[in-house]
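Worksheet for the structure shown next.
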Amino acid sequence: MNPLRHILLADDNPRDVELTLTALADHRLANEVIVVHDGTQALDYLYHRGAYATRPPGLPAVVLLDLKMPKINGREVLRTLKGDPQRRTLPVVVLTSSREAPDLAECYRLGANAYVVKPVEFTNFVAAVKQVGAFWAILNEPPPAVAP
Amino acid sequence: MLALDVSVDDSLFPLLEALPTASRTMETLLVRRAGDALLILSEPRHRPGRALRQYTPLIQTHSAPVGAGGSGPAIVRGRDYRDVEVLATARPVLDSPWLVVGKLDLSEVGKRWHAKAVLILLTFLLAVGLGAALVVLAWQRREQAHYRALAEAGAALRDSAALMRIAGGMARFGGWSVDLATQRVTSSEEVAAIFELPPGSLRTLEEAFQFYAPEGRERIRKAFADCAQYGTPGDEELEILTASGRRLWVRTLGEAVRDETGRIIRVQGAFQDITDQKQAAAATQAALAEAAASREALASLVEDLEQTTLRLRASEEQYRALFAANPHSLWVYDIETLRFLAINDMTVASYGYSREEFLGMTIQDIRPAEDVPALRETVNQAGDVLRRSGVWRHRRKDGTTMLVEIVSHALSWEGRPARLVLANDVTAREEARQALEASRRALLSVVEDHQRVEAEVRRLNEELEQRVRERTAQLEAANRELEAFSYSVSHDLRAPLRHISGYVDLLRKQADAALEPAARRYLQTIAEAAHEMGALIDDLLAFSRVGRAEMHRADVSMDELVQEAVRVAEREAGGGRSPGSSRRWGGSRPIRKCSRLALANLFSNAIKYTRDRTPAVIEVGSQPDGAMSVFYVRDNGVGFDMRYVDKLFGVFQRLHSAAEFEGTGIGLANVRRIISRHGGRTWAQGVVDGGATFYFSLPRPTGTAP
């Protein structure tokens, strides 16, 4: 098993972020969770740009991506990552309130690895986040390391 | 008959001695024996002009020859051609059938008895001898002349043969001969020339036949065969092909030559190129034909002329009749005096004036006074030959007027310039035309009205279409807004709910032990409210999505639908309940998706509202109604008050509290929306606590049973 790799959570809503982090912590996931609040920060982080130009190297185990974000939205982030041969293999789980068919279709077309609708019921929400985190951050074997 | 015994010496010596003596009767004749008769060659003395006439006999002897047995010629006594007793002697002319006969009348002999008789006889004999010598001389001369003539004739013949050759060459005329025994052909140079062969090269009969054109070959063969076998003379005019291939007409003549036994040994004949003659004949024929044709043409011309004259005479009469008896009014007037010169019967009948009256009038007299200036102007116009002057008013004798259409034509009438006028009464027509014009104008105005109305309708239609377009655009915009709204609802409205739910949960976990039971209930209520709100949002989104649902058939039958609905109902009811009555609904036909959605919804409602019924009875069915199929779902549940029937199908409208029957109030609104989008209708009947029946209709797909 890999040393615990971190999780990148991109969500502009601080309540959702808190609930997600609570859910992950509730499952005692020891992985570090990096939180960004919009698509620009997410890409900056992943490409070592701007505020993250000096961060330590290494890609997250998984990106939990909200669709509706200011500036660059989640769809754009997804398109950029999956269109870049260097980042294409990075697992991206779309975590969103929308259960609209067009959103689903579009995300899968762009190459999302999973699409999870945030349940209204908190219990269900916690369960969903736990499962996503456990699967992608622990169980899933990431692709061979790429030089970011 | 006088019988006299005369001694020759006595009788003739004196004659001879007396020579020359003039004997009255002595005669010397040159004769030729012709059978029993004698032909006198010289002129008889006593019958002048009788030379070369036969006399039989010349001298009828009736005694032995006088002096027979003597050395000199015998002297006989007999009767000569005059039947006179004569003494005669004869001597043959050498080398000829001729005789010289001398004779003397016995009467003369009797007169001179001795001396004279002897003399006469001697003279006679001398004369005979002289005559014979003369005859011999004459014969010889004649022979010479004969041979000379023969020689000359031979020369002439040679000359004429040469001439013949030249003539033959010029006339292209030759001779030929075929020896039947050897079949060899001999022919003249002209024959070869006609065949265009070297002279003498034509050898066999077959060669000769081959020169004849194929169509005539059989005929010449047969003609030759007939001639060679039966001696039938042949004369054929046929075409040949010469050695150089020219086509010529030839005449071939042939005749049989027989030997002394009558056998045919040769066939010979003539051969002539008659091409020129043929052509000349043909030309002549053509000229004759032409002449005949000319003669016929001339005859026919003469005949035509006669007929034309007849026709002219007839047509002159016809034209006169055409004028007089014409059913239109016709007249002729003098251009200068305007007087009527001729009027036809119809004019007299139409205008009421007699012919005599007309002849004393001018054409102004049949016009109303006010039209006369216009008439003068028209008449004075330098004339077109044919002039259509249009419609004029004419006045009859009785003062009434009529409208006439005038057509006139210039002509010379008895040497004066005149016009022939045709007046056609168009009063009725003009009136009809005016009426027609009026009605046309009326119609035109109707048409114009109609067109105005049409334009107005068109304009309204265009406005309407424009409005429809605008409304459609607005509707599309509204739809887009609705989609954006539903997206927003889906995303933004659910997030706060989730947060409420999440934080309530967190709070309960953190502070559960410290909370009063009431506070715990409050938190529970908050969580439930959030949950309900989530369910509402989901239903609302489903409702908005109905608008975007596709229309298509689902491969599901009524039976399957009922079973599925029952299963769903059982699951929702918590499994503690089974339907009181479930019977086979009886339809395995695939149904439309919209019907299915509607039925599922109604079925689920029915199950919900029969929850406390035992047994619960739910009936599903359909029946045709014109072009529609009507579906219904009937239950024996709680029913409803018909006063609120209008609210049943409204969004979020409920007739029961959530405590009685859970629900968001959107199910029936969905049903109505689905059905109306597919051209159908929804309605319901119910009685409080007496059950309810929900109906919807859908257009029946064409060609299928309900």
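Per chain, numbering begins at 1; letters A, B, ... match sequence-line order.
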Problem - Value rounded to 0.5 Å, distance of CD1 in B/Ile500 from CZ in A/Arg15 - result: 8.5 Å
Handout entry: Part of A/Asp16 within contact of chain B (heavy atom distance under 4.5 Å)
Key = both
Handout entry: Enclosure of A/Arg49 CZ (heavy-atom neighbours >12, cutoff 6.0 Å)
Key = yes
Handout entry: Residue B/Glu470 excluded, over 12 heavy atoms near CD under 6.0 Å
Key = yes
Fill in the blank from the handout: Between B/His499 and A/Leu19 the two heavy atoms that sit nearest each other are CD2-CD1, 3.9 Å
Problem - Toward chain B, the part of A/Asn124 with a non-hydrogen atom under 4.5 Å - result: neither
Exercise for the section: Give a yes or no on whether B/Tyr522 atom OH has more than 12 heavy-atom contacts from other residues, nucleotides or ligands under 6.0 Å away. Expected result: no
Problem - Pick from B/Ser501, B/Ala530, B/Ala527, B/Ala495 with the largest number of heavy-atom pairs that fall under 4.5 Å of chain A - result: B/Ser501
Exercise for the section: Step through the shown structure and confirm whether more than 12 heavy atoms of other residues, nucleotides or ligands are within 6.0 Å of CZ on B/Arg508. Expected result: yes
Handout entry: Gap separating the CZ atom of B/Arg498 from the CG atom of A/Asn13, nearest 0.5 angstrom
Key = 7.5 Å
Handout entry: Contact class of A/Val117 relative to chain B, heavy atoms under 4.5 angstrom
Key = side chain
